[in-house]
Amino acid sequence: MAVEGNNLKQQKTSESSTDPEYVPPLLQEIIVEILSRLPVESLLRCRSVCKSWYSLISDPHFVKTHLTLSTCNKHYAHHRLIFSTVPKINLKSCSLYHVLYNHSVDALELDYPLKHPRKSVWIVGSCNGLLCIAIEEDTLFIWNPSTRNSSRLPYCGRKALPGCYVLYGFGYQQSTDDYRVVEISCVFKDRAKYSTSVRIYSLKYGNWKKIDAFPHGIPLDDSGKFSNGALHWAASKDFGSSYSWMIVSLDLAMETYGEILQPVYDEGDKDLTLGALGESLCVLCNYRGVRADIWVMKVYGVKDSWTKLVSIPYLTDPGRDQFSVPFCISNDGKLLLQFGSKLIVYDSKSSSSSEIQNADECLEACTFVESLVSPDAPNRPWR
């Protein structure tokens with residue numbers, strides 16, 4: 001029996017040594033460890049090395065591992081800033097690290113879907129390296145700018161009506177590993193009356209479906225903010241008055257609405273703007289010409305967890321410009337935000353700000369992490 005066992009082991013060793021793609025298990029683990037830390041551009045080239053590497057890098061488990069490591073990188077090695085520019089319509093991208101710590105950009109023009117110098121492009125949101133963009137407000141794509149792959153969403157069936165405007169939101173439903181786009185169509189009628197219609201698109205199933213109408217007032221003119229498995233919009237019952245300003249949530253798994261209770265703001269004439277900072281909801285409370293307070297919800301859904309993160313003073317008369325909700329905050333307290341059409345880094349520890357150099361006039365911006373996540377859903381279940 002021992003002789004037979006030795007012969008079998010020698011036979012397997014002989015067979016594996018003749019296989020040009022055979023990799024010993026320990027070496028395979030080391031390869032995975034190295035590849036999972038490489039940038040996407042390098043991994044796209046590595047797929048051409050051999051069939052086994054192509055299979056490995058295309059494997060969903062590897063894609064998720066790479067995404068997790070990239071997201072948690074403390075030096076922002078795989079994080080990017082993407083912003084739209086005016087007056088020339090364009091999308092550009094640059095290293096988030098260089099923006100935060102070098103205060104300058106070496107931005108690359110992006111070849112996004114349906115790119116055209118006279119067609120508007122709207123960044124709806126980003127999630128796990130995927131971006132949702134709207135061309136001319138009604139043609140939607142889910143796009144991975146790192147792999148340059150995209151998926152055009154089918155038309156939702158909405159009818160164009162007078163007095164209608166449309167808002168979108170983009171998020172991820174973790175329980176079913178599905179990316180979802182929400183469209184809210186708002187129609188104004190006579191005597192300040194209005195109606196809303198809401199549809200939700202599933203990338204996994206490849207279809208739109210209609211859900212309950214927006215329940216609380218009318219959403220204000222901005223994209224939904226994704227946090228904790230839900231999309232959030234600021235809404236008002238009397239068309240923009242800060243006194244009725246509220247935060248409405250839409251749970252992407254349950255497809256149900258809710259309301260997020262707000263912090264207790266200071267007194268004074270103010271404008272409120274909703275945002276998401278990392279995984280947390282945030283609100284920018286702008287006291288016109290005086291300061292901007294940034295509030296963050298530390299524990300989702302708990303009103304008492306709202307914390308005033310920082311107050312940014314206006315050192316000069318801002319005119320009509322004001323600070324935006326931050327796009328990100330670094331581990332050492334640097335906030336990246338917009339002031340008018342300029343990009344600003346505010347250091348909360350030194351209470352100093354720096355304007356980003358070499359940046360074009362910015363219309364809107366967001367951050368994303370480079371990933372291999374596909375905007376396609378090739379293995380859709382049968383409907």
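This chain uses plain numbering: 1 for the first residue, then up along the sequence.
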Practice item. Take N73 and V369 through the test side chain to side chain contact (heavy atoms under 4.5 Å, CB included) and record every step on the way to the result. Key: CA-CA 10 Å; N73 187 289; V369 62; over 6 Å; no

Study note, to complete from the structure: Tightest non-hydrogen contact, residues V345 and K334, listed as CG1-CB, 4.1 Å

Review point. Counting N and O atoms only, with roles assigned by atom type, does the side chain of S348 sit under 3.5 Å from a partner on the main chain of Y346, one being a donor and the other an acceptor?
Key: no

Review point. Just checking, any donor-acceptor pair under 3.5 angstrom between side chains of S150 and R152?
Key: no

Point to revise | Any side-chain heavy-atom pair of D138 and V166 under 4.5 Å | key: no

Exercise for review: Spell out, yes or no, whether Y165 and V124 are grouped together once hydrophobic residues are joined by side-chain heavy atoms under 4.5 Å, including indirect joins.
Suggested key: yes

Exercise for review: Count the heavy atoms of every other residue, nucleotide or ligand shown that sit under 6.0 Å from CD of E41, and state whether that count exceeds 12.
Suggested key: no

Exercise for review: Please name all residues satisfying ring-ring contact (aromatic ring centres under 6.0 Å, His included) with Y179, sequence neighbours left out, ordered by chain then number.
Suggested key: Y172

Review point. In Å, rounded to the nearest 0.5 Å, how long is the span from OG1 of T139 to NZ of K119?
Key: 7.0 Å

Review point. Are F141 and L203 connected in the hydrophobic side-chain network, where two residues link if heavy atoms are under 4.5 Å apart?
Key: no

Check your understanding: Is the Y314 to Y287 ring centre distance short of 6.0 Å?
Key -> no

Practice item. With I329 as reference, evaluate V296, V310, L335 under the side-chain contact (heavy atoms from CB on, under 4.5 Å) test and give the passing residue. Key: L335

Review point. Once the angle between the rings of W208 and Y201 is folded into 0 to 90°, is it parallel (under 30°), tilted (30 to 60°) or perpendicular (over 60°)?
Key: tilted

Point to revise | Considering all heavy atoms, the nearest N331-Y76 contact | key: N-OH, 3.0 Å

**Study point:** Donor-acceptor contact below 3.5 Å, side chain D376 vs main chain S151
**Key:** no

Review point. Should W295 and I260 be counted in the same cluster of Ile, Leu, Val, Met, Phe, Trp and Tyr side chains packed under 4.5 Å apart?
Key: yes

Check your understanding: Between N102 and S104, is any side-chain donor less than 3.5 angstrom from a side-chain acceptor?
Key -> no

Check your understanding: Which residue, S146, S93, S126, forms the side-chain hydrogen bond (donor to acceptor under 3.5 Å, both in side chains) with R80?
Key -> S93

Exercise for review: Enter the distance from I200:CD1 to C156:SG here, rounded to the nearest 0.5 Å.
Suggested key: 12.5 Å

Review point. Do T196 side-chain atoms and F214 backbone N/O form a donor-acceptor pair below 3.5 Å?
Key: yes

Review point. Using 4.0 Å as the upper bound for N to carboxylate O, is an ion pair formed by D271 and R288?
Key: yes

Review point. To the nearest 0.5 Å, how far apart are SG in C46 and CD1 in I34?
Key: 10.0 Å

Check your understanding: Would you call W143 and L91 a side-chain contact if the rule is heavy atoms closer than 4.5 Å?
Key -> yes

Practice item. Walk me through it: do S185 and C164 pass the test side chain to side chain contact (heavy atoms under 4.5 Å, CB included)? Key: CA-CA 7 Å; S185 175; C164 174; 3.3 Å; yes

Review point. Hey, does L153 have a side-chain heavy atom less than 4.5 Å from the side chain of E183?
Key: no

Review point. Under a 4.5 Å cut-off applied to non-hydrogen side-chain atoms, are C366 and I82 in contact?
Key: yes

Check your understanding: With the 4.5 Å side-chain cut-off for hydrophobic clustering, are V290 and L284 part of the same group?
Key -> no

Review point. Is there a donor-acceptor pair under 3.5 Å between the side chain of D106 and the backbone N or O of C94?
Key: no

Practice item. Please answer whether the main-chain N or O of S236 pairs with a side-chain N or O of S244 as donor and acceptor at a distance below 3.5 Å. Key: no

Point to revise | Residues which pass side-chain hydrogen bond (donor to acceptor under 3.5 Å, both in side chains) with Y97, listed by chain and number, not counting sequence neighbours | key: none

Check your understanding: Where is the tightest heavy-atom contact between A213 and Y257, given as atom of each residue plus distance?
Key -> O-CE1, 3.4 Å

**Study point:** Validation row: I211, L250 side chains within 4.5 angstrom (heavy atoms)
**Key:** yes

Practice item. Hey, could you give me the CD/CG distance between E279 and N228, rounded to the nearest 0.5 Å? Key: 7.0 Å

Exercise for review: Using atom types as modelled and distance alone, determine if a side-chain donor or acceptor of D293 lies under 3.5 Å from a backbone N or O of C285.
Suggested key: no

Study note, to complete from the structure: To the nearest 0.5 Å, atom CZ of F327 lies from atom CG of L336 at 6.0 Å

Study note, to complete from the structure: In this structure, OG of S84 is separated from CD1 of I123 (nearest 0.5 Å) by 5.0 Å

Review point. Using a distance-only test with no angle check, is there a side-chain donor-acceptor pair under 3.5 angstrom linking N90 and T85?
Key: no

**Study point:** Student check: side-chain heavy atoms of V325 and L274 closer than 4.5 Å
**Key:** no

Point to revise | Minimum heavy-atom distance between L38 and L43, given as atom pair plus value | key: O-CD1, 3.8 Å

Point to revise | Heavy-atom closest contact (L96 atom, C328 atom, distance) | key: CD1-SG, 3.9 Å

Review point. Knowing that exactly one of N128, I57, L67 qualifies, which makes a side-chain contact (heavy atoms from CB on, under 4.5 Å) with L372?
Key: I57

Check your understanding: Below 4.5 Å, heavy atoms only, C-beta onward: do L131 and Y112 meet side chain to side chain?
Key -> no

Review point. Are M254 and L231 grouped together when hydrophobic residues (ILVMFWY) are joined by side-chain heavy atoms under 4.5 angstrom apart?
Key: no

Practice item. Verify, without hydrogens or angle tests, whether K115 (side chain) and L110 (backbone) share a donor-acceptor contact under 3.5 angstrom. Key: yes

Check your understanding: Which is it for F83 and Q338 under the side chain to side chain contact (heavy atoms under 4.5 Å, CB included) test, yes or no, and what are the steps along the way?
Key -> CA-CA 11 Å; F83 56 98; Q338 193 173 337; over 6 Å; no

Exercise for review: Count the heavy atoms of every other residue, nucleotide or ligand shown that sit under 6.0 Å from NE2 of H75, and state whether that count exceeds 12.
Suggested key: no

Exercise for review: Please say whether more than 12 non-hydrogen atoms of neighbouring residues, nucleotides or ligands are located less than 6.0 Å from CD in E137.
Suggested key: no

Review point. Is the shortest heavy-atom distance from the side chain of P263 to the side chain of K308 under 4.5 Å?
Key: no

Review point. Is K342 reaching over with its side chain to a backbone N or O of E355, donor-acceptor style, under 3.5 angstrom?
Key: no

Practice item. Would you name the heavy atoms of I356 and V99 that are closest together and state the gap between them? Key: CD1-O, 3.5 Å

Review point. Is the side chain of H232 donor-acceptor paired with the backbone N or O of K225 at a distance under 3.5 Å, no angle test?
Key: yes

Exercise for review: Kindly say whether G169 contributes a backbone atom to a donor-acceptor pair with the side chain of W233 at under 3.5 angstrom?
Suggested key: no

Check your understanding: Taking it one step at a time, do T176 and Y205 satisfy side chain to side chain contact (heavy atoms under 4.5 Å, CB included)?
Key -> CA-CA 11 Å; T176 58; Y205 290 93; over 6 Å; no

